[in-house]
Amino acid sequence: MNKTCDFRVTLLGTGTPIPSPERFGPSTLIEAGDQKLLIDAGRGATIRLYQLGVPIGHLDVVLLTHFHSDHTSGLADVWLTGWLQSYFGDRKGPFRVVGPRGTERLMTKLQEAYAADIKIRMDDEKLPREAVALSVLEYGHDGVVHERNGVKVIAFEVDHGDVIKPAYGYRIEYKGRVAVISGDTRYNQNVVKYGAGADLLVHEVAITRPELMSDAYIRRIMAHHTTARDAGMVFEQTKPKLAAYTHLVFLSGPRTPPASIAELIIETRQTYRGPLEVGEDLMCFEIGETVTVRRLGLAGYASDRGSTGGTLQMT
Ligand SMILES: [Zn+2]
Ligand SMILES: [Zn+2]
């Protein structure tokens, strides 16, 4: 990790269920002190970790926000590819997963589903049993779910719709600095509450065109997410040093193109004037005195980590 920064957040996937090559499934890497935490494991999380030069097996814990498949479909990949005893995997101890109630069942059933692979690789490659073992922590309400060596993670409930429960966001604290990840939610006061004093607030967002709101399917999806105006209100109420979007839900129709990034920003500006970034895969936020934005995807991957070029200072 860059010596000048010991707390950073990298967006591995900023997408949705759309299998886009530009925006992979939702997943966010938190690096704080000596630890690496992954929030959600959407499609392609392993590919992004590989691009960053982060061995997949070197994650300390994976934290789940909720059980929509776009947030979990990369989980078996992170678990099992991280088990391979090669430079890109290399896990030595159990695979640690923290999530709301239901996480234990998900992991146990995955273990059942992949029983043949696990047996084959132990017999054939002699992979260590203890490194494919699971260690799962489930929680059922707001509170601290991970605390070690100065890194504290607090889960807080969010509102992803009446039926989509449980759904949580995470607040990560390290050396007096704070990053908050909203998870999937519509406008919710709990994000404002736990977003207070955040250096970096990463929020989901959805945008469509007014003419598409007559479509019941579009209306339902929009009702599960936060509009740009409402996200702007969350940012305005919490006043982070930097606000950033991830999980960009751009809804379109057969004859109606999706909104543009520029329109997303214009909508956000109706309610929020402060520093704002529209997230991209491999966008990295270094949280020091200020929050510095780096685009690892444009400037090369592992080689760019730790260099000093190409930064944009946000205060
Ligand atoms: Zn969701
Ligand atoms: Zn989602």
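For ligands, and for the atoms within them, numbers begin at 1 and follow the listed sequence.
Cluster partners of Met213, using a side-chain heavy-atom cutoff of under 4.5 Å among ILVMFWY residues and allowing indirect links, are Leu212, Tyr217, Ile218, Ile221, Met222, Val249, Leu251.
Cation-pi geometry between Arg48 and Phe24 is met: under 6.0 angstrom from the ring centre, within 45 degrees of the axis.
Listing protein N, O or S atoms at distances below 2.8 Å from the Zn ion (ligand 2), with waters left out, gives Asp70 OD2, His71 NE2, Asp184 OD2, His247 NE2.
Between the Zn ion (ligand 1) and His160 there is an N/O/S contact shorter than 2.8 Å.
The side chain to side chain donor-acceptor pair (under 3.5 Å) check on Arg23 picks up Thr14, with sequence neighbours excluded. Under the rule for a side chain to side chain donor-acceptor pair (under 3.5 Å), Arg101 has no partner lying at least two apart in sequence or in another chain.
For His225 and His247, the ring centers are positioned less than 6.0 Å apart.
Under the side-chain hydrogen bond (donor to acceptor under 3.5 Å, both in side chains) test applied with Thr65, the options Thr28, Asp40, Thr72 reduce to a single match, Asp40.
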